[in-house]
Amino acid sequence: MAQKPSIPKGTRDFSPAEMVRRNYIFDTIKGVFQLYGFMPIETPAMENLDTLLGKYGEEGDKLLFKILNSGDFLSKADNALLNAGDSIKVTNQISEKGLRYDLTVPFARFVVQHQNEITFPFKRYQIQPVWRADRPQKGRYREFFQCDVDVVGSDSLLNEVELIQIVDEVYRQLNIGVVIKLNNRKVLAGIAEIIGEADRIVDITVAIDKLEKIGVDKVNAELSERGLSAAAIERLQPILALSGNNTEKLAALSALLKSSEVGTKGVEELLTVLRITDGLNLSTQVELDLTLARGLNYYTGAIFEVKALDVEIGSITGGGRYDDLTGIFGMKGVSGVGISFGADRIFDVMNQLELYPVDVTAATQLLFVNFGDTEVAHCLKLVSNLRQKGIRTEIYPDPAKMKKQMAYADKKGIGFVAMVGEDEMSKGLITLKNMQTGEQTTLNLEGVVNALKA
RNA sequence: GUGGUUGUAGCUCAGUUGGUUAGAGCGUCGGAUUGUGGUUCCGAAGGUCGCCGGUUCGAGACCGGUCUUUCACCCCA
């Protein structure tokens, strides 16, 4: 063996057995999306860098995969910058395209670009890979699939509720136990406002997002490190200490945020969403979580995150409302809300918990043994006939030894083998072997169909 | 981007304080069985020990770099 070929860090190959399982996940998600009236779109893997840059924060920009310009790209670069080793500025000169980082921003670009062809509210879903130049880690890949559903052009909170229903339905079908965490950016803005640090909302949210993980003391320490005043941190404490069920938390929050207009609006939104979902008999628990703040900073209203209950793997679905994403591309006043299912993490969860139904295989049902040219010519007709009846049928391509052909069927998990040699040909029959029981019977075509359909 | 971890046959892994020709199980291929798989038996193929450099009479083992794996941090699906 010379050098072993390999694939880039953080990417994966998927075998047939894995693809069958992944497709089960994609098909389930797609099915639910369609049930709620969403239509598919696709966008290119690469976007112009100016579409992507500046939408995900400073960190996000760093994690973008950039594509080198074609041709003699160095000739257009500034030698002074090259010699100075200024990677960032040189990058701008030699790269103008990048791989998409998520599906939401390309979607916003799509909406603006096609606004005259779109009927609003526009409900679309999109299942495609995205790329992030992150360091791989548990449940973290550099290439992974997102399954996005978004509604743009409607302010109604009914959309938020429908997204929660979709989450509930998808995970009910996949049989994954989850909790839906809900928060609202306006509430977070309100909190920042009443503690007198309205412009530090990002620092505040990033820190309190870690509450559950590192505890209140370390959160306070981090807030202090991020430059928040001791007085502000002091005023934040009642909020960090909030407890009880959703209703109790919201009541307390409502009082705390009374003086903040935006905060009060956020509380109202949460109340509305929770009131409606309460009446829907969902099997998934919806939990108000004020520490839920991570995620893209273009969110302006609801924020969602879904965590698996039985596997430690970070969030498997996330999303929220963004009031002005299209504004960045020159189309004001269009609000959108959406969520994204992380297919690769869902795949990991399903694998760990072995949650696939037994019949999730698209394996061949019937293999015809190849006995030679004459027999093949005869069998091909039978094969076509069976395929037309919807039976997944193949014929072994080479006149190999029986043993080899049988072993092939065995390893591929093919349930039945058909043998048609001279004898069967002359009688117009088929010898059918059940690979599980070893039982063998000679039937006509109709008999084979019945045996396979049973 | 920062810090730790990993790398030996297709896969999972042994390999002693540095010492001749690097092993096992599983898998693959062939045969026992030229119209019968799973079990059994026999046999074979398959390695630049991740890569590059260094120390040494001698390196799979030690040192440095690099890539890869994996985990944490930042951040995030």
Side-chain angles (χ1 to χ4, degrees), chain A residues 1-12 15 29 56-63 87 100-104 127-148 202 205-207 209-210 213-214 218 222 225-226 292-297 304-308 312-320 338-349 367-372 375 396 399-425 431-440 442:
Chain A
M1 179 182 56
Q3 312 139 293
K4 224 189 273 188
S6 65
I7 55 175
K9 187 199 293 203
T11 64
R12 302 182 289 178
S15 66
I29 291 173
Y56 310 105
E58 219 176 299
E59 277 301 318
D61 285 357
K62 280 192 224 159
L63 297 180
S87 306
R100 70 165 101 79
Y101 178 91
D102 73 355
L103 300 178
T104 308
I127 298 179
Q128 289 189 276
V130 303
W131 295 270
R132 297 183 187 178
D134 211 351
R135 268 217 204 169
Q137 210 180 118
K138 196 202 312 179
R140 203 173 228 191
Y141 307 97
R142 298 180 112 180
E143 175 184 67
F144 58 98
F145 273 78
Q146 290 195 328
C147 314
D148 273 36
V202 172
T205 55
V206 166
D209 181 45
K210 297 173 187 165
K213 199 169 173 186
I214 63 177
K218 286 187 177 168
E222 182 164 338
E225 236 172 86
R226 285 175 184 265
L292 168 57
R294 55 172 49 192
L296 297 322
N297 35 26
F304 308 101
E305 182 165 300
V306 178
K307 297 204 77 168
E312 196 58 48
I313 194 169
S315 77
I316 54 177
T317 293
I339 48 169
S340 175
F341 290 78
D344 291 80
R345 284 192 181 170
I346 294 172
F347 181 57
D348 290 348
V349 170
L367 174 78
F368 273 76
V369 171
N370 183 326
F371 285 115
E375 288 85 349
Y396 199 86
K401 275 185 222 165
M402 247 332 239
K403 179 188 163 79
K404 188 166 175 136
Q405 300 194 41
M406 295 301 286
Y408 173 83
D410 188 42
K411 273 176 206 154
K412 218 175 147 179
I414 297 174
F416 292 86
V417 169
M419 282 162 285
V420 183
E422 258 181 75
D423 199 33
E424 287 90 347
M425 271 172 70
T431 296
L432 186 72
K433 171 160 178 159
N434 180 325
M435 292 297 279
Q436 239 156 44
T437 62
E439 214 179 333
Q440 211 162 292
T442 300

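Only heavy atoms go into these numbers, but all of them, side chains included; no hydrogens, no water, no symmetry mates.
- Ring pair Y408(A)/Y396(A) is perpendicular by interplanar angle, where above 60° counts as perpendicular and below 30° as parallel.
- At a threshold of 4.0 angstrom between heavy atoms, the contacts of G10(A) are confined to the sugar-phosphate backbone, with no base atom among them.
- Residues E222(A) and I214(A) meet the side-chain proximity criterion, which asks for heavy atoms closer than 4.5 Å.
- Between the CZ atom of R12(A) and the P atom of rU68(B) there is a distance of 17 Å, rounded to whole Å.
- Heavy atoms of G60(A) sit nowhere under 4.0 angstrom from any nucleic acid atom.
- Rounding to whole angstrom units, CZ of residue R142(A) and P of rU70(B) are separated by 12 Å.
- Within 4.0 Å of Q436(A), counting heavy atoms only, lies at least one base atom of the nucleic acid.
- Contacts of K307(A) with the nucleic acid, taken as non-hydrogen atoms under 4.0 Å apart, are absent.
- Using a 4.5 Å cut-off on side-chain heavy atoms (C-beta onward), D348(A) and Y141(A) make contact.
- When the C1' atom is used for both rU6(B) and rA77(B), the distance is 26 Å, rounded to whole Å.
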Polar pairs (N or O, both sides) under 3.5 Å between protein and nucleotides 1-5 of chain B?
| unit_1 | atom_1 | unit_2 | atom_2 | d |
| --- | --- | --- | --- | --- |
| rU2(B) | O4 | R135(A) | NE | 3.3 |
| rU2(B) | O4 | R135(A) | NH1 | 2.9 |
| rG3(B) | O6 | R135(A) | NH1 | 2.9 |

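- Within the 4.5 Å cutoff, no side-chain heavy atoms of R132(A) are placed close to those of R140(A).
- As judged by a 4.0 angstrom heavy-atom cut-off over every strand, F341(A) is placed among residues making no nucleic acid contact.
- In this structure, Q405(A) atom CD and rG38(B) atom C1' are separated by 17 Å, rounded to whole Å.
- R100(A) comes within 4.0 angstrom of nothing in the nucleic acid, heavy atoms only.
- Per the geometry, CZ belonging to R132(A) stands 15 Å off C1' belonging to rC74(B), to the nearest Å.
- Remark: rC29(B) base-pairs with rG43(B); criterion is Watson-Crick or G-U wobble with both hydrogen-bond distances under 3.5 Å.
- The gap from the P atom of rC76(B) to that of rG15(B) amounts to 43 Å, rounded to the nearest Å.
- T431(A) and E424(A) share a side-chain donor-acceptor pair at under 3.5 Å.
- Annotation: K218(A), atom NZ; neighbour count of heavy atoms from other residues, nucleotides and ligands within 6.0 Å does not exceed 12.
- Here, rG47(B) and rG23(B) have their C1' atoms 11 Å apart, quoted to the whole Å.
- Stacking annotation: F144(A) is stacked on the base of rA77(B) (ring centroids less than 5.5 angstrom apart, interplanar angle below 30 degrees).
- Here the separation of rC29(B) from rC73(B), taken at their C1' atoms, is 49 Å to the nearest Å.
- Taking 4.5 Å as the limit, every side-chain heavy atom of E143(A) sits out of range of all side-chain heavy atoms of R12(A).
- Between A407(A) and R140(A), the residue anchored nearer the 5' end of RNA chain B, judged by the nucleotide with its closest heavy atom, is A407(A).
- Distance CG (L292(A)) to P (rA77(B)): 10 Å, rounded to an integer number of Å.
- By the 4.5 Å heavy-atom criterion applied to side chains, F144(A) and V130(A) are counted as neighbours.
- One interatomic measurement links the two molecules: CD1 of I127(A) to P of rA77(B), which rounds to 17 Å at whole-angstrom precision.
- The gap from the P atom of rU12(B) to that of rG27(B) amounts to 15 Å, rounded to the nearest Å.
- For R226(A) and rC74(B), the CZ to P distance is 9 Å, given to the nearest whole Å.
- In this structure, rC62(B) forms a base pair with rG54(B), meeting either the Watson-Crick or the G-U wobble geometry with both donor-acceptor distances under 3.5 Å.
- When all heavy atoms of Q146(A) and L103(A) are compared, the pair lying nearest together is O-CD1, 3.4 Å.
- Distance check on atom P: rA22(B) versus rC49(B) gives 10 Å, rounded to whole Å.
- When the C1' atom is compared between rA72(B) and rA14(B), the two are found 30 Å apart, to the nearest whole Å.
- Backbone-only engagement by K213(A) is indicated by non-hydrogen atom pairs under 4.0 Å involving sugar-phosphate atoms exclusively.
- Residues I346(A) and F341(A) are in side-chain contact: their nearest non-hydrogen atoms beyond the backbone lie under 4.5 Å apart.
- Summarising the base pairing, rA24(B) is matched to rU12(B) through a Watson-Crick or G-U wobble pair whose two defining distances lie under 3.5 Å.
- Here K9(A) does not reach the OP1 or OP2 of rU70(B): none of its side-chain N or O atoms lies under 4.0 Å away.
- Residues E375(A) and N370(A) form no side-chain contact, since every pair of their non-hydrogen atoms from C-beta on lies 4.5 Å or further apart.
- V369(A) comes within 4.0 angstrom of no nucleic acid atom, judged by non-hydrogen atoms across all strands.
- In this structure, D348(A) places its CG atom 15 Å from C1' of rC71(B), rounding to the nearest Å.
- The shortest distance between side-chain heavy atoms of V206(A) and R226(A) falls below 4.5 Å.
- Atom C1' of rC51(B) sits at a distance of 16 Å from the matching atom of rA59(B), rounded to the whole Å.
- Residue contacts for G314(A): at a heavy-atom cut-off of 4.0 Å it reaches no nucleic acid atom on any strand shown.
- Mapped onto RNA chain B by nearest heavy atom, P8(A) and V306(A) fall at different nucleotides, with P8(A) at the one closer to the 5' end.
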Across nucleotides 28-36 of chain B, 5' to 3', mark each nucleotide with B, S or - according to how protein heavy atoms within less than 4.0 Å reach it.
S-SS---BB
